[in-house]
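First the structure, in the form of C-alpha coordinates, and then the observations on it.
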Amino acid sequence: MDRRMDELNSVKPAEAENNSTQTSRDINKKRDNYLSWKDYFMAIAFLAAKRSKDPCTQVGACIINKDKKIVGIGYNGMPTGCSDDEFPWNKGKVAGHDTKHLYVCHAEMNAILNKNAADVKNCTMYVALFPCNECAKIIIQSGIREVVYMSDKRSHKVETKAAKKMFDSAGIIYWQYTPQNPQIVIDFKEIDWDNMTQLPPSPVKQNENI
Ligand SMILES: O=c1ccn([C@H]2C[C@H](O)[C@@H](COP(=O)(O)O)O2)c(=O)[nH]1
(Lines give C-alpha, C1' and ligand atoms only; values in the text may rest on other atoms or scores of the structure.)
Protein backbone atom coordinates (compact mmCIF):
# COMPACT_ATOMS: atom_id res chain seq x y z
CA MET A 1 0.00 0.00 0.00
CA ASP A 2 2.56 2.55 -1.16
CA ARG A 3 -0.10 4.98 -2.34
CA ARG A 4 0.99 7.99 -0.35
CA MET A 5 4.66 7.59 -1.17
CA ASP A 6 4.84 10.13 -3.99
CA GLU A 7 2.70 12.62 -2.17
CA LEU A 8 4.58 12.39 1.12
CA ASN A 9 8.01 12.07 -0.42
CA SER A 10 7.70 15.16 -2.57
CA VAL A 11 9.86 18.09 -1.59
CA LYS A 12 8.39 21.55 -1.59
CA PRO A 13 11.04 24.06 -2.68
CA ALA A 14 10.61 26.06 0.50
CA GLU A 15 11.19 22.95 2.57
CA ALA A 16 14.04 21.62 0.49
CA GLU A 17 17.11 21.25 2.51
CA ASN A 18 20.56 19.96 1.99
CA ASN A 19 23.39 19.24 4.27
CA SER A 20 25.98 21.18 2.38
CA THR A 21 28.02 23.68 4.27
CA GLN A 22 26.75 27.17 3.73
CA THR A 23 29.45 29.23 2.12
CA SER A 24 27.84 32.53 2.91
CA ARG A 25 24.98 33.47 5.12
CA ASP A 26 22.64 36.32 5.64
CA ILE A 27 21.91 36.60 9.34
CA ASN A 28 18.73 38.52 8.58
CA LYS A 29 17.19 35.74 6.51
CA LYS A 30 15.75 32.39 7.39
CA ARG A 31 18.13 29.48 6.72
CA ASP A 32 17.16 27.40 3.72
CA ASN A 33 19.36 24.37 4.33
CA TYR A 34 17.58 23.15 7.41
CA LEU A 35 16.53 19.51 7.83
CA SER A 36 13.09 18.51 6.61
CA TRP A 37 10.83 16.85 9.15
CA LYS A 38 11.02 13.51 7.39
CA ASP A 39 14.82 13.46 7.18
CA TYR A 40 14.91 14.58 10.79
CA PHE A 41 12.70 11.72 12.00
CA MET A 42 14.47 9.10 9.92
CA ALA A 43 17.85 10.40 11.08
CA ILE A 44 16.67 10.07 14.68
CA ALA A 45 15.73 6.44 13.98
CA PHE A 46 19.23 5.86 12.57
CA LEU A 47 20.86 7.67 15.47
CA ALA A 48 18.95 5.44 17.91
CA ALA A 49 20.20 2.40 15.97
CA LYS A 50 23.74 3.44 16.84
CA ARG A 51 22.95 2.47 20.44
CA SER A 52 22.39 -1.15 19.39
CA LYS A 53 24.95 -3.76 20.48
CA ASP A 54 23.89 -6.17 17.73
CA PRO A 55 27.01 -6.98 15.67
CA CYS A 56 25.00 -7.69 12.49
CA THR A 57 21.95 -5.50 12.27
CA GLN A 58 21.27 -2.25 14.08
CA VAL A 59 17.68 -1.06 13.84
CA GLY A 60 16.20 2.17 15.18
CA ALA A 61 12.63 3.44 15.26
CA CYS A 62 11.08 6.84 15.97
CA ILE A 63 7.34 7.40 16.51
CA ILE A 64 5.74 10.77 15.90
CA ASN A 65 2.22 11.99 16.49
CA LYS A 66 0.02 14.17 14.30
CA ASP A 67 1.64 17.30 15.76
CA LYS A 68 5.10 16.08 14.68
CA LYS A 69 6.03 15.47 18.29
CA ILE A 70 8.29 12.50 19.00
CA VAL A 71 6.45 10.13 21.31
CA GLY A 72 8.74 7.12 21.25
CA ILE A 73 12.24 6.02 20.25
CA GLY A 74 13.75 2.55 20.36
CA TYR A 75 16.49 0.29 19.05
CA ASN A 76 17.10 -3.44 19.11
CA GLY A 77 18.62 -4.67 22.33
CA MET A 78 18.45 -7.10 25.19
CA PRO A 79 15.58 -6.73 27.68
CA THR A 80 16.20 -4.59 30.75
CA GLY A 81 18.13 -6.59 33.32
CA CYS A 82 19.49 -9.04 30.73
CA SER A 83 23.14 -8.11 30.42
CA ASP A 84 24.50 -7.23 26.97
CA ASP A 85 27.67 -8.98 28.05
CA GLU A 86 26.06 -12.21 29.21
CA PHE A 87 23.33 -12.88 26.66
CA PRO A 88 24.40 -14.20 23.23
CA TRP A 89 24.78 -11.99 20.16
CA ASN A 90 25.22 -14.81 17.65
CA LYS A 91 22.66 -15.67 14.99
CA GLY A 92 22.58 -19.31 16.14
CA LYS A 93 22.12 -21.02 12.81
CA VAL A 94 22.78 -24.41 14.40
CA ALA A 95 19.59 -26.01 15.81
CA GLY A 96 19.31 -25.76 19.56
CA HIS A 97 22.00 -23.11 19.71
CA ASP A 98 21.54 -20.29 22.16
CA THR A 99 20.94 -17.28 19.94
CA LYS A 100 20.16 -13.57 20.21
CA HIS A 101 16.87 -14.15 18.40
CA LEU A 102 15.45 -15.75 21.53
CA TYR A 103 16.12 -12.63 23.57
CA VAL A 104 16.51 -9.41 21.60
CA CYS A 105 13.70 -6.86 21.80
CA HIS A 106 13.13 -5.37 18.37
CA ALA A 107 13.46 -1.65 17.79
CA GLU A 108 9.78 -1.22 16.88
CA MET A 109 8.58 -2.91 20.05
CA ASN A 110 10.97 -0.86 22.18
CA ALA A 111 9.87 2.39 20.54
CA ILE A 112 6.22 1.59 21.29
CA LEU A 113 6.93 0.49 24.85
CA ASN A 114 9.12 3.55 25.44
CA LYS A 115 6.24 5.89 24.53
CA ASN A 116 6.06 9.10 26.48
CA ALA A 117 2.40 9.71 25.63
CA ALA A 118 -0.78 7.97 26.73
CA ASP A 119 -0.81 5.98 23.51
CA VAL A 120 0.53 5.95 19.95
CA LYS A 121 -2.83 5.86 18.18
CA ASN A 122 -2.78 7.41 14.69
CA CYS A 123 0.97 7.95 14.93
CA THR A 124 3.65 7.38 12.29
CA MET A 125 6.66 5.16 12.84
CA TYR A 126 9.96 5.92 11.09
CA VAL A 127 12.07 2.78 11.09
CA ALA A 128 15.39 1.77 9.53
CA LEU A 129 14.23 -1.69 8.41
CA PHE A 130 10.84 -2.96 7.29
CA PRO A 131 9.20 -4.50 10.39
CA CYS A 132 9.00 -8.26 10.85
CA ASN A 133 5.66 -10.03 11.34
CA GLU A 134 5.90 -9.93 15.13
CA CYS A 135 6.54 -6.19 15.13
CA ALA A 136 3.77 -5.71 12.58
CA LYS A 137 1.30 -7.25 15.03
CA ILE A 138 2.44 -4.91 17.80
CA ILE A 139 2.34 -1.89 15.45
CA ILE A 140 -1.22 -2.71 14.38
CA GLN A 141 -2.43 -3.34 17.92
CA SER A 142 -0.85 -0.12 19.18
CA GLY A 143 -2.92 1.97 16.75
CA ILE A 144 -0.01 3.25 14.64
CA ARG A 145 -1.40 4.12 11.21
CA GLU A 146 1.67 4.67 9.07
CA VAL A 147 5.10 3.08 8.75
CA VAL A 148 7.94 4.82 6.92
CA TYR A 149 10.89 2.54 6.39
CA MET A 150 14.28 2.81 4.78
CA SER A 151 15.50 -0.71 4.02
CA ASP A 152 13.40 -3.51 2.59
CA LYS A 153 16.33 -5.91 2.35
CA ARG A 154 14.21 -8.74 3.81
CA SER A 155 11.33 -8.36 1.35
CA HIS A 156 11.87 -11.94 0.18
CA LYS A 157 11.41 -13.37 3.69
CA VAL A 158 8.16 -14.95 4.83
CA GLU A 159 8.16 -12.70 7.94
CA THR A 160 8.17 -9.57 5.78
CA LYS A 161 5.50 -10.93 3.47
CA ALA A 162 3.31 -11.76 6.46
CA ALA A 163 3.90 -8.28 7.89
CA LYS A 164 2.81 -6.64 4.61
CA LYS A 165 -0.23 -8.91 4.41
CA MET A 166 -1.29 -7.84 7.89
CA PHE A 167 -0.59 -4.15 7.21
CA ASP A 168 -2.70 -4.35 4.03
CA SER A 169 -5.61 -5.96 5.86
CA ALA A 170 -5.40 -3.54 8.77
CA GLY A 171 -5.15 -0.49 6.48
CA ILE A 172 -1.70 0.54 7.68
CA ILE A 173 0.00 2.85 5.20
CA TYR A 174 3.62 1.94 4.56
CA TRP A 175 6.14 3.42 2.19
CA GLN A 176 9.85 3.37 1.58
CA TYR A 177 11.69 6.57 2.31
CA THR A 178 14.25 8.16 0.07
CA PRO A 179 16.22 10.71 2.06
CA GLN A 180 16.34 14.21 0.70
CA ASN A 181 19.82 14.52 2.19
CA PRO A 182 22.25 11.87 0.97
CA GLN A 183 24.28 12.48 4.09
CA ILE A 184 23.68 14.05 7.48
CA VAL A 185 26.90 14.59 9.36
CA ILE A 186 27.25 15.57 12.97
CA ASP A 187 30.88 16.33 13.52
CA PHE A 188 31.51 17.57 17.04
CA LYS A 189 35.05 18.40 15.98
CA GLU A 190 33.70 21.15 13.77
CA ILE A 191 32.61 23.08 16.79
CA ASP A 192 35.14 25.63 17.87
CA TRP A 193 34.17 25.99 21.49
CA ASP A 194 36.59 28.87 22.05
CA ASN A 195 35.53 31.02 19.16
CA MET A 196 31.98 29.72 18.69
CA THR A 197 32.45 30.11 14.96
CA GLN A 198 29.28 28.16 14.23
CA LEU A 199 27.16 30.81 15.81
CA PRO A 200 26.35 34.11 14.20
CA PRO A 201 28.27 37.03 15.65
CA SER A 202 26.56 38.68 18.56
CA PRO A 203 25.61 42.31 18.00
CA VAL A 204 28.18 44.62 19.53
CA LYS A 205 26.68 46.51 22.41
CA GLN A 206 26.67 50.26 22.03
CA ASN A 207 29.02 52.02 24.46
CA GLU A 208 30.37 48.61 25.42
CA ASN A 209 33.78 49.99 26.43
CA ILE A 210 32.65 53.20 27.96
O1 LIG B 1 11.82 -5.80 12.47
C2 LIG B 1 12.91 -6.03 13.01
C3 LIG B 1 13.71 -7.10 12.66
C4 LIG B 1 14.89 -7.35 13.31
N5 LIG B 1 15.28 -6.55 14.31
C6 LIG B 1 16.54 -6.81 15.02
C7 LIG B 1 16.61 -8.11 15.75
C8 LIG B 1 18.07 -8.46 15.70
O9 LIG B 1 18.77 -7.78 16.74
C10 LIG B 1 18.51 -7.90 14.36
C11 LIG B 1 18.48 -8.93 13.26
O12 LIG B 1 19.63 -9.70 13.37
P13 LIG B 1 20.20 -10.55 12.12
O14 LIG B 1 21.51 -11.08 12.59
O15 LIG B 1 20.36 -9.59 10.97
O16 LIG B 1 19.18 -11.62 11.85
O17 LIG B 1 17.58 -6.86 14.04
C18 LIG B 1 14.51 -5.46 14.68
O19 LIG B 1 14.88 -4.70 15.60
N20 LIG B 1 13.35 -5.24 14.02
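Just follow the structure's listing: the first ligand is 1, and inside any ligand the first atom is 1.
In this structure, R154 counts as a contact residue of ligand 1, since one of its heavy atoms falls inside 4.0 Å of the ligand. Residue-ligand proximity: H101 is placed with a non-hydrogen atom under 4.0 Å from ligand 1.
Every pair passing side chain to side chain donor-acceptor pair (under 3.5 Å) that includes a residue from residues 114-138 is listed here, sequence neighbours excluded: T124-E146, E134-K137.
Closest protein heavy atom to atom 1 (O) of ligand 1: E108 OE2, 2.8 Å. The closest protein non-hydrogen atom to atom 19 (O) of ligand 1 is A107 N, 3.0 Å.
Atoms of ligand 1 found under 4.0 Å from any heavy atom of P131, numbered from 1 in the order shown, are 1 (O). Less than 4.0 angstrom separates some heavy atom of K100 from each of these atoms of ligand 1: 12 (O), 13 (P), 14 (O). Near D54, the atoms of ligand 1 lying under 4.0 angstrom from a non-hydrogen atom of the residue are 8 (C), 9 (O), 10 (C), 12 (O). Each of the atoms 13 (P), 14 (O), 15 (O), 16 (O) of ligand 1 lies under 4.0 Å from some heavy atom of K91.
Here I144 contributes atom CD1 and I112 contributes atom CD1; the two are 4.0 Å apart, rounded to the nearest 0.5 Å. We find the NZ-CE distance between K153 and M150 to be 13.0 Å, quoted to the nearest 0.5 Å. Summarising the geometry, atom CZ belonging to F41 is positioned 5.5 Å from atom CD1 belonging to I70; distances are rounded to the nearest 0.5 Å.
M78 belongs to a hydrophobic cluster with F87, W89, L102, Y103, V104, counting contacts under 4.5 Å between side-chain heavy atoms of Ile, Leu, Val, Met, Phe, Trp and Tyr, direct or through other members.
Close N/O approach between C132 and ligand 1 is found [any backbone or side-chain N/O within under 3.5 Å].
When atom types are taken as modelled, the side chain of Q58 and the backbone of D54 share a donor-acceptor pair closer than 3.5 angstrom. A donor-acceptor pair under 3.5 Å is formed between the side chain of N65 and the backbone N or O of K68. Under a 3.5 Å cut-off, the side chain of Y75 and the backbone N or O of F46 do not form any donor-acceptor pair.
At a heavy-atom cutoff of 4.0 Å, ligand 1 is contacted by both the backbone and the side chain of H106.
Looking at T160, N76, I139, V104 and measuring to atom 17 (O) of ligand 1, the nearest heavy atom belongs to N76.
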